[in-house]
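If you're wondering where the values come from, they're calculated on a predicted model, not measured in any experiment.
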Amino acid sequence: MAFKNMKELEQGISAAGQNWSDADKALAKKDISYGNSLYTLKNDWVNATKRGDTAAAKAIHDRTEDFRKQYGGYSGGADGSGYIRDDSYFRYDDPYQDTLEQLADSLVNYSPFENPYQQQTDKVLSEYLGRGPFSYDLDSDPIWQQYQKTYLREGQRAREDTLGDYAAATGGQSSTAAVYAASQAQDYYNAKMADKVPELYGLAYDMWLNEGQQYASQLNTLRGLGSDALNAWDANRGLLHDQLAGVQELSRSMYDRAYKNWAADYQVNRDSLMDTRYREETDYLRARDADETAYLRAQDEAQSAASTQQQALKQALEWLKMGVNPSDDVTNAAGLTSGEIESYLAAVQAKQAGNKSSSGSGGRRSSGSSASSGSSGSAGAGTVQDYAGLFRDAYNSGHPENFIASNYKKYGFSKSTGLSKEYHAAYNEDFDAILDTTRNMIDVSEYSPSAARAHLRAKGYDADTIEQIMGAL
């Protein structure tokens, strides 16, 4: 269970009946993920205590203490309720953490650029491109219409004035000459009107060209404004990036300075402690004569060697009981020969094989080295019945029942009756539950992958199952 905030955590603490010190609560308030880890460790300790598993309870207590020291700089004491300051781990609270997170968030979520002049630019460009080729309609030109009215009126007036003048000169008699002169006067104005057509056409064309130049000028202006807006957007983003880089550099600098100061102080304390121990040991040795000192040293070395051998032997026996061959270092330290190891493993395997035969257990739990698929040969007198190898290889084949029916003799069995039933009983184990438990060990209890593998081996899972679990993570 992962709590999202301190309020939820406190409710969980109350519901679980856990006892938290003020120091533990302060550590949880510092970061809720610390609180979740402490909650899980405390629950594991309670469960181990209820089971009467003192070894597991002590191991959990030690892990909790390491967690407190590493992330809180204190020890909880024997029962976890105290507060003892511990400086053996370097701790640093970055004063710029919030600023870095805010700047990083602002940079990641920085709004994409949008040209504020894009809509206007598109409108002007659309109008510019949509004008079409130049055309001129004389009859729809209001200037032409005005010229036309003026010259027609003036031509008519000139005609009438000419006719009037001839009538006055001839005593009111009309003549061909008068009509001709009047027509010429009128044609003069008609000609002047016709002369205006090219002028008006050129004027309209110049206006059309000027309108295009105005559109082009507007587009250039709008594009320039858009470019300025893009430069401003990019400059602001660059400024944000520079601010983040500057704060990161300042944060790293302060971290390095704090670590160097801690390392120097820690080394001074360690040197002082070593000096004190050295003086105490020197005073102790000087209080004895040479023979007594030699005797005591011999005694200490003998006891140390015996203790080392006992611990190694204990460790070797624990692994041998699980059917696992100890490392050479442990075997040598325990004083065991290869023959003794092989004999002990053979006895364990024989016992486990007998237990499997009587109880139907087997499959994914390993009891030691197993024969690889097809490598055991046919059954014979004294052949060990390799449940683990048969069930593992049957599982990996993808067709377990067919594999068992075809290969059971290669694993030391004289008949296949009941083996498929035992296989299914063994492999009905909830793989998801094993996976969740291991994931919790790594994510919540902070086991390393190698420690998780060791835990699974100690629980009896074979190498293939362990790798399948770790691979699924």
*N440 and T40: side chain to side chain contact (heavy atoms under 4.5 Å, CB included), yes or no, with the steps?*
CA-CA 9 Å; N440 268 341; T40 301; over 6 Å; no

*Between K42 and V46, is a side chain to side chain contact (heavy atoms under 4.5 Å, CB included) present by the stated rule, with each step listed?*
CA-CA 6 Å; K42 288 175 179 285; V46 169; 5.6 Å; no

*Where do G132 and W208 come nearest, in terms of heavy atoms and distance?*
O-CZ2, 3.5 Å

*Would you name the heavy atoms of A57 and T49 that are closest together and state the gap between them?*
CB-OG1, 4.0 Å

*Salt-bridge test for D234 and R237: reply yes if a basic N is under 4.0 Å from a carboxylate O, no otherwise.*
yes

*Measure the spacing between CG of L390 and CZ of F403 and express it to the nearest 0.5 Å.*
6.5 Å

*Taking the side chain from N36 and the backbone from F3, do they hold a donor-acceptor pair closer than 3.5 Å?*
yes

*Report the distance from atom CD of Q248 to atom CD of Q243, rounding to the nearest 0.5 Å.*
12.0 Å

*State whether a side-chain donor-acceptor pair under 3.5 Å links D105 with N109.*
yes

*Roughly how far, to the nearest 0.5 Å, is CG of N407 from CG of D393?*
8.5 Å

*CZ of R257 to CE of M254: how many Å apart, nearest 0.5 Å?*
6.0 Å

_Which heavy atom of G35 sits nearest to which heavy atom of W20, and what is that distance?_
O-CH2, 3.6 Å

*Which atoms form the tightest heavy-atom contact between N115 and G226, and what is the distance?*
OD1-CA, 3.4 Å

*asked:* Could you go through K4 and I32, starting from their C-alpha distance and side-chain angles, then the distance that decides it, and tell me whether this counts as side chain to side chain contact (heavy atoms under 4.5 Å, CB included)?
replied: CA-CA 7 Å; K4 298 178 181 178; I32 193 62; over 6 Å; no

_When you compare the side chains of Q102 and D98, does any donor N or O come within less than 3.5 Å of an acceptor on the partner?_
no

*Strictly under 6.0 Å, is that where the ring centroids of W233 and Y110 end up?*
yes

_Which heavy atom of L100 sits nearest to which heavy atom of D94, and what is that distance?_
CD1-OD2, 3.9 Å

*Under 6.0 Å from the CD atom of E114, do we count more than 12 heavy atoms belonging to anything else shown?*
no

*Have a look at K123 and tell me which of E127, Q119, Q120 forms a side-chain hydrogen bond (donor to acceptor under 3.5 Å, both in side chains) with it.*
E127

*asked:* Any donor-acceptor pair under 3.5 Å linking the side-chain atoms of Q218 with those of Q214?
replied: no

*In this structure, are over 12 heavy atoms from other groups packed under 6.0 Å from Y259 atom OH?*
no

_Donor-acceptor pair, distance only, cut-off 3.5 Å: does the side chain of S227 make one with the backbone of R223?_
no

*Sidechain N-carboxylate O distance under 4.0 Å for D62, K58*: yes

_T64 side chain to I60 backbone, donor-acceptor under 3.5 Å_ = yes

*Apply salt bridge (charged side-chain N to carboxylate O under 4.0 Å, His left out) to D31 and list each qualifying residue two or more places apart in sequence or on a separate chain.*
none

_F67 and L38: CA distance, side-chain angles, deciding distance, side chain to side chain contact (heavy atoms under 4.5 Å, CB included) verdict_ = CA-CA 8 Å; F67 183 83; L38 277 174; 3.8 Å; yes

_Closest heavy-atom pair and its distance - Y96, S251_ = CD1-CA, 4.2 Å

*asked:* Using a 3.5 Å distance criterion without hydrogens, assess whether the side chain of N47 forms a donor-acceptor pair with backbone atoms of N43.
replied: yes

*To the nearest 0.5 angstrom, please state how far the OG atom of S414 sits from the OH atom of Y408.*
7.5 Å

*Is a side-chain N or O of H61 found less than 3.5 angstrom from the main chain of W45, in a donor-acceptor match?*
no

*Determine whether more than 12 heavy atoms belonging to other residues, nucleotides or ligands lie under 6.0 Å from atom NZ of K30.*
yes

_Polar contact flag, side-chain donor to acceptor under 3.5 angstrom, D24-Y74_ = yes

*Taking everything shown except D256 itself, do over 12 heavy atoms lie less than 6.0 Å from its CG?*
yes

*Look at the aromatic rings of F413 and Y387 and report parallel, tilted or perpendicular, splitting at 30° and 60°.*
perpendicular

_Basic-acidic side-chain contact under 4.0 Å: R68, E65_ = yes

*Nearest 0.5 Å, what's the CZ-OG distance between F391 and S420?*
8.0 Å

